[in-house]
Structure formats: C-alpha cells, structure tokens
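All remarks here apply to the structure that follows.
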Amino acid sequence: MTARIGPGSLRELGPVRWGFARAAGRVTGTEPPAIFTTLGRTKGLFTGWLHFAGRLMPFGSLERRESELVILTVATARGCDYEREHHRLLGQRAGLSSAEIEGILADTAVETLSDRERVLRESAQTLVATKDLDDAQWDRLRSVASEREAIELLLLVGHYDMLATTLMTLRLEPDKHR
C-alpha cells in the first residue's frame, strides 16, 4: 500500500517541524515518524494539533500508563496499524507490560489491569463503538475518574479515533524501526 500523501521534506516542513520529526524518530527508534512528516505539511494546523494532542498526552491529567492503555484500546477497536505500532513502544515506556499490551491489541481480557484501568478501557471501547456512554457506563467511569479526567478521557478517545481515520485514509504504514 502506498501513502496517499508522502512525507514532507525539510523544505516542505520547515526546520522546526522537520527537527521535531527527526527528534521524535530518535525517541521511537524509527525514521522520522510519518505521522509528523505527513501532518507537518499542514504547517500551522500541525502546530495547533500538536499542542492539543500534547495537552492530552503526555501532559494530561490521566497517568501515562492509562493514556497509553486508552490509545492502544482505540487503535485496536479501529484496526489502525499505525497507532498500534507507534504506541506499542510508548505503552511499554509508560509501564504497560508486554503481556498487557498484547492482550489489549488482541482485544482480550487483561487480568493485571486495575479496576480503574478496566473501567477506562471499557469506556474507550464503548465510545469507539457507539460514540456515547450509557448512564451505567458513565456512572462506572465517574466512580473512578474525576470530572476533569472523565472529560479528558472523552477528548482522548475522540482524538485518537479521529487520528485513526486520518492515518488510515492517508494509508500511512507503521514506521520502520532502525
């Protein structure tokens, strides 16, 4: 499969976006991630998106482990290979074990998750499937999450659902590891 829009060059991205993509590749052990070199073509929109995304993860109110659990859950529910592979390493770095990650990616029960993590995962699965939480699931979520965390979960799931649509429509393949 060929990407519908290829990665931008230094000239197309500009030095700041190009440098950011290269640094991100060093962190992930890949070439500059296609998500950044492709979306970076949008210039100011990319910068605004990156600020928004960064406020959700890694600088959100959910623990990093929890954010990665949610992101991997969304990637699995959407069947987005790019998100799954990009966040596999990030999930490990955030404290998810290999077995937990493989269980999430296989969409099976993961016994080592805390009660709170199970509720976050169930909520993410339901949001992707139905775009809503019924009252019972909302009550479960609110029993383990503050008001801010609950709102942030909705935004995190919606963001990664949107991102999966973008990545899959652009036909971006997972980044190759060095």
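On a predicted model such as this, the values are computed, not experimentally measured, just so you know.
Of all non-hydrogen atoms in P33 and G25, the two that sit nearest each other are CD-N, 3.5 Å. For the pair S67 and L56, the tightest heavy-atom approach, listed with the atom from each and the gap, is OG-O, 4.2 Å. Looking at every heavy atom in both residues, A124 comes nearest to T73 through CB-CG2, 3.9 Å. Scanning all heavy atoms of the two residues, the minimum distance from L69 to E117 falls at CD2-O, 3.4 Å. Between G79 and R84, the shortest heavy-atom distance links the atoms CA-NH1, 3.4 Å.
The distance from atom CG of L133 to atom CZ of R140, rounded to the nearest 0.5 Å, is 9.0 Å. Between the CG atom in L105 and the CD atom in E85 there is a gap of 7.5 Å [rounded to 0.5 Å]. Once rounded to the nearest 0.5 Å, the distance linking OG of S123 with CH2 of W138 reads 9.0 Å. Note: T28 OG1 to R93 CZ = 7.5 Å, rounded to the nearest 0.5 Å. If you take OG1 on T30 and NZ on K176, they are separated by 11.0 Å, rounding to the nearest 0.5 Å. If you take CD1 on I101 and CD on Q92, they are separated by 4.5 Å, rounding to the nearest 0.5 Å.
Hydrophobic clustering (side-chain heavy atoms under 4.5 Å, transitive across Ile, Leu, Val, Met, Phe, Trp, Tyr) keeps L62 apart from F59. Cluster annotation: Y82 and L72 are assigned to distinct hydrophobic clusters (Ile/Leu/Val/Met/Phe/Trp/Tyr, side-chain heavy-atom contacts under 4.5 Å, transitive). A continuous path of ILVMFWY side-chain contacts below 4.5 Å connects F20 to L163, so both sit in one hydrophobic cluster. In the hydrophobic clustering of ILVMFWY residues, with side-chain heavy atoms under 4.5 Å counting as a link, V110 and L90 come out apart. Linking Ile, Leu, Val, Met, Phe, Trp and Tyr residues whenever their side-chain heavy atoms come within less than 4.5 Å leaves V128 and M168 in two separate clusters.
Under the 4.5 Å side-chain criterion, counting only non-hydrogen atoms from C-beta, R55 is not in contact with L155. Residues H86 and L172 have side chains not in contact (no heavy-atom distance under 4.5 Å, counting atoms from C-beta outward). In this structure, R17 and T47 have side chains that are in contact, with non-hydrogen atoms separated by less than 4.5 Å. In this structure the side chain of T2 never reaches within 4.5 angstrom of the side chain of R171, judged on heavy atoms. Under the 4.5 Å side-chain criterion, counting only non-hydrogen atoms from C-beta, D115 is not in contact with V119. Put simply, the side chain of L39 reaches to within 4.5 Å of the side chain of L170, judged on heavy atoms.
Between R142 and D139, no side-chain nitrogen of the basic residue sits less than 4.0 Å from a carboxylate oxygen of the acidic one, so the salt-bridge criterion is not met. We find that R116 and E63 are not joined by a salt bridge, their nearest charged nitrogen and carboxylate oxygen being 4.0 Å or further apart.
The aromatic rings of W49 and F36 are tilted relative to each other, their planes meeting at an angle between 30° and 60°.
Remark: R64 pairs with E68 by the salt bridge (Lys or Arg N to Asp or Glu O under 4.0 Å) rule, at least two apart or across chains.
Residue R11 places its CZ atom among 12 or fewer non-hydrogen atoms of other residues, nucleotides or ligands, all under 6.0 Å distant. Within a 6.0 Å sphere centred on CG of D135, other residues, nucleotides and ligands contribute 12 heavy atoms or fewer. The 12-atom threshold is exceeded at CZ of R65, counting heavy atoms of other residues, nucleotides or ligands nearer than 6.0 Å.
Side chain of Y160 to backbone of E83: no donor-acceptor contact under 3.5 angstrom is found. The main-chain N or O of A99 is never found under 3.5 Å from a side-chain atom of E102 such that the two would form a donor-acceptor pair. Using modelled atom types, one side-chain atom of D175 and one backbone atom of A34 make a donor-acceptor pair closer than 3.5 Å. Side chain of R118 to backbone of L113: a donor-acceptor contact under 3.5 angstrom is found.
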**Study point:** Derivation and outcome, side chain to side chain contact (heavy atoms under 4.5 Å, CB included), residues D81 and E173
**Key:** CA-CA 7 Å; D81 292 339; E173 293 287 327; 6.0 Å; no
Exercise for review: Just do the salt bridge (charged side-chain N to carboxylate O under 4.0 Å, His left out) check on R121 and E100 with the steps written out, would you?
Suggested key: CA-CA 12 Å; R121 184 179 182 206; E100 288 170 330; over 6 Å; no
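Residue pairs meeting the salt bridge (charged side-chain N to carboxylate O under 4.0 Å, His left out) criterion with at least one partner in residues 156-168, sequence neighbours excluded, are R78-D161, K131-D161.
T126 and Q137 share no donor-acceptor pair across their side chains, judged by distance under 3.5 Å alone.
Partner E66 forms a side chain to side chain contact (heavy atoms under 4.5 Å, CB included) with one of I71, L96, L120 and no other, that one being L120.
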